[in-house]
Amino acid sequence: MTAFSRSGEFPGICRWCHGGCAAQLTVEDGRLLKVQPKAGSPFNLNRMCIKGLSTADFVSHPDRLLYPQKRVGSRGSGNFVRISWEQALDEIAARLDAIRQESGPEAVALGQGTGRHHYFHVIRFANTFGTPNWYEPGLANCFIPRITVSNLTYGGFIAGDYYGDTPPRTILFWGHNPLVSGPDGELSFPVQKALDAGAYGIAVDPRPSETAKRCGLHLPIRPGTDAALALAMIRTIIEEGWYDHEFVEDWTTGFDVLREHVAARTPAWAETITGISAADIVEAARRYALDKPAILDWGVSLEQHPNCLQTVRAVAILRGLTGNIDIPGGDVFGQDVVRAYPVLRQALPPEALSKRIGADRFKLLGGFRAFMPSAHIPGLFGAMRHGDPYRVRALLVFGNNPLATVANSRGVYESLKALDLLTVSDFFMTPTAALADYVLPAAMWPEIDQIVEMPFVAAQAVFAQRAMMQVGECRQNEHILNGLAQRLGLPGAEESLEHIFDYRLEPTGLSFAELADQFMMQRPPRYRRFEEKGFRTLSRKVEFVSKPLARLGYDPLPSFVEPPESPVSRPDLVHDYPLVLTTGARRRAFFHSEGRQIERLRRAHPDPLAELGPETAKAYGISDGDWIRVRSPRGEVRLRARVTEGMREGVVSLDHGWWFPERRDGECGIFESNANVLTSDTPPYDPAFGSYQLRGLLCAVEKE
């Protein structure tokens, strides 16, 4: 048992984003005084962002949830009473068991946010409870498609080699702003170091983001047309002879078929679709292919539309064509540092698989080939509202605020209102938590035991941290889940978290206790490992034509499809909604919907922003700093205008995850400036992942 009255300096891994900066914490009598960066990690290079440096403000915030609460009165009334952990877990477990007996375990769903310490333990609980219905907003729309496509194409996920002795010469940032978002094991500082050292940056982004401003070439693409750009780059690299002839000949399959497939996808063709000049497309292709080693640093925007699979496939193929795979300074595989988390998938009854919502349609999201089989979010929330294909009656939420972070916020609200049981574990009373039957106080990262692999899914190192303190009655989410599992008699419920850590760390030769004392274990880099045993694909090569996709009924070659709601596909809407909407802009001060109650962070970014170019702003009489209203066919929100030089004209970019904790009225303005009021979770969906359109939609603006 960790002693929580300790004082001193302790190492830790910051988790205010899902990445992990090595940190040094100063604790006095169990109270966190400050957090500073810790030297020695190659991932954050003795630096931290404003979120990590504000950890003490989070931990000691007066609005923090400190003890379990139970709702009294109607849902949404905001009336809660304090209860004990024993009462909370007993009552929640009893209600879950009753629903399981009455309607089957599939009537209970679990939801969570992105990439935190409890991620796989939520899946473990779902499997042992017997429900196939768990979700995380990114599974169809962030990261999992890139992992899946990498596995299909190269046999494993790869990430930029920012940590070896050979620096990249070129970095192609595609729909990604790592200088702000810092994902996959804290990229921000290594990326900045690489650019400072002279790497040539290419940014594919309608915004002149913080990363794009550091690049030599900015391609302000029309949102949702990334596949067209990638296909034109593939065609250019092939026809100009810029591909890596030796690598393609020895280590790829399907080159001739790919060449024929893209023959008509010229830069001129792509220019008419993307709005990027043919000359810039050719220059981007030339730089990435010839100025090696090169990293392709891709981001979430590739996945947030109904052509997700083929867009990601088209971009992924560029790595194989150019041979920028597993070479120093290129994109490299992880080293299988630790074992996979034991999610006990075998405990999920076979009959449950056919009940996973969306699995029959979206095979790479919920089927047997899925990286982490899960439910389709629109179908899941629809089942809460409408009972089709059956009624989902309960939802357990861990570290997620779906009213802010899931498309169609008003539909989500109606879904949550329709539940028989809603339980939320979080740090603060969010708009989602305000609707719950039970609100549970979650431990923050200085209060947890954890191991963290970095970069995520392509790990080169592993860190371990012991809990350093405890505030109030806050508990680590894994312990909350274990408490429920024990009451429900689920398999694996008695296995301690430290035992799971020891199992995962066994390949390192270290126990959790030993690694926590050591803090970090890093393996020396290894390159060109495919020369030993080939790639982990059926052909043992990089597969330009994917036979596994063909067997699943999907196109084995990538293609471009116009977004379903765009100026091209919906000319009937253009009169009323003449502009293109893109959502998801990140700011350093916040992670998704978190952090807006922290004074230091809010001062840095006080208002929700809508970015638009100077000519677009002028056309609507908008000046920088004006409050404006942004409308889509689904609703209207209010944000402050930021007029931005270099922004693609005709595009409006909205900040992500806004609500107003200071209002203290339950809803906290969740529908006022929330970009997901404007987004849609309706079909068409990507046929493999079920992804839906969050970017490239239509909108209108007006000054207040």
Side-chain angles (χ1 to χ4, degrees), residues 1-4 6-27 30 32 35-46 48 52 55 59 115-124 159 163 182-186 334-343 399 442-470 474-482 495-524:
M1 178 66 70
T2 304
F4 294 106
R6 294 187 296 172
S7 297
E9 301 281 330
F10 303 102
I13 293 293
C14 179
R15 302 302 294 273
W16 283 129
C17 71
H18 48 60
C21 287
Q24 192 78 6
L25 292 81
T26 303
V27 181
L32 181 63
V35 172
Q36 297 174 299
K38 175 178 171 58
S41 169
F43 302 102
N44 64 299
L45 304 175
N46 202 24
M48 291 183 74
T55 296
V59 169
R116 290 262 171 87
H117 57 92
H118 57 260
Y119 193 96
F120 289 104
H121 214 80
V122 170
I123 305 172
R124 177 185 173 101
Y163 318 107
D184 305 335
E186 193 49 64
Q335 299 202 54
D336 300 321
V337 180
V338 301
R339 286 175 172 160
Y341 203 96
V343 296
M444 294 182 178
W445 69 263
E447 304 164 315
I448 66 170
D449 297 319
Q450 62 171 332
I451 62 172
V452 183
E453 308 158 73
M454 293 193 292
F456 289 135
V457 192
Q460 310 291 335
V462 60
F463 297 78
Q465 168 198 302
R466 291 189 183 93
M468 289 153 269
M469 54 182 298
Q470 180 180 9
C474 299
R475 286 192 184 180
Q476 186 166 348
N477 280 325
E478 293 94 325
H479 298 318
I480 297 172
L481 286 160
N482 276 355
E495 188 175 16
S496 72
L497 190 57
E498 184 162 342
H499 184 270
I500 291 174
F501 291 159
D502 287 343
Y503 164 80
R504 298 195 66 209
L505 289 168
E506 195 170 289
T508 71
L510 298 170
S511 67
F512 172 68
E514 291 167 338
L515 184 57
D517 289 339
Q518 182 176 312
F519 185 56
M520 180 183 80
M521 191 217 69
Q522 184 179 10
R523 289 196 170 152

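Every heavy atom of this structure was used, including side-chain atoms; hydrogens, water molecules and symmetry mates were not. These numbers were taken from a predicted model, which means no experiment stands behind them.
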Looking at [X] and [Y], what are the two nearest heavy atoms and their distance?
X: Leu505; Y: Thr508; answer: O-OG1, 2.6 Å
X: Pro446; Y: Leu25; answer: CB-CD2, 3.6 Å
X: Phe43; Y: Met454; answer: CZ-O, 3.4 Å
X: Asn477; Y: Ala442; answer: OD1-CB, 3.9 Å
X: Ile13; Y: Gly20; answer: CG2-CA, 3.7 Å
X: Met48; Y: Cys21; answer: CG-CB, 4.0 Å

What residues, two or more places apart in sequence or in another chain, satisfy salt bridge (Lys or Arg N to Asp or Glu O under 4.0 Å) together with [X]?
X: Glu495; answer: Arg124
X: Glu506; answer: Arg339
X: Arg504; answer: Glu453

Output the distance between atom [atom1] ([X]) and atom [atom2] ([Y]), rounded to the nearest 0.5 Å.
X: Glu9; Y: Met468; atom1: CD; atom2: CE; value: 11.5 Å
X: Cys14; Y: Met444; atom1: SG; atom2: CE; value: 11.5 Å
X: Glu478; Y: Leu497; atom1: CD; atom2: CG; value: 5.0 Å
X: Gln465; Y: Ile448; atom1: CD; atom2: CD1; value: 6.0 Å

Decide yes or no for [X] and [Y]: does some side-chain heavy atom of the first lie under 4.5 Å from some side-chain heavy atom of the second?
X: Ile500; Y: His121; result: yes
X: Pro37; Y: Asn46; result: yes
X: Val122; Y: Leu481; result: yes

Kindly write out the residues that satisfy side-chain hydrogen bond (donor to acceptor under 3.5 Å, both in side chains) with [X], not counting sequence neighbours, or none if the list is empty.
X: Glu498; result: none
X: Glu514; result: Ser511
X: Ser496; result: none
X: Gln460; result: Gln335

Please check if the distance between the ring centroids of Tyr119 and Tyr341 is under 6.0 Å. no
Could you pull out all residues at least two apart from [X] that satisfy side-chain contact (heavy atoms from CB on, under 4.5 Å)?
X: Asp517; answer: Arg466
X: Pro11; answer: Gln24, Lys38, Phe519
X: Ala458; answer: Phe157, Ala159
X: Arg116; answer: Arg15, Trp16, His118, Phe427, Phe591, Glu594

What's the verdict on side-chain contact (heavy atoms from CB on, under 4.5 Å) for Leu515 and Phe512, showing C-alpha distance, side-chain angles and the deciding distance? CA-CA 5 Å; Leu515 184 57; Phe512 172 68; 5.8 Å; no
Exercise: do Asp449 and His117 side chains pair donor with acceptor under 3.5 Å: no
Give the C-alpha distance, both sets of side-chain angles, the deciding distance and a yes or no for side-chain contact (heavy atoms from CB on, under 4.5 Å) between Leu32 and Thr55. CA-CA 9 Å; Leu32 181 63; Thr55 296; 3.7 Å; yes
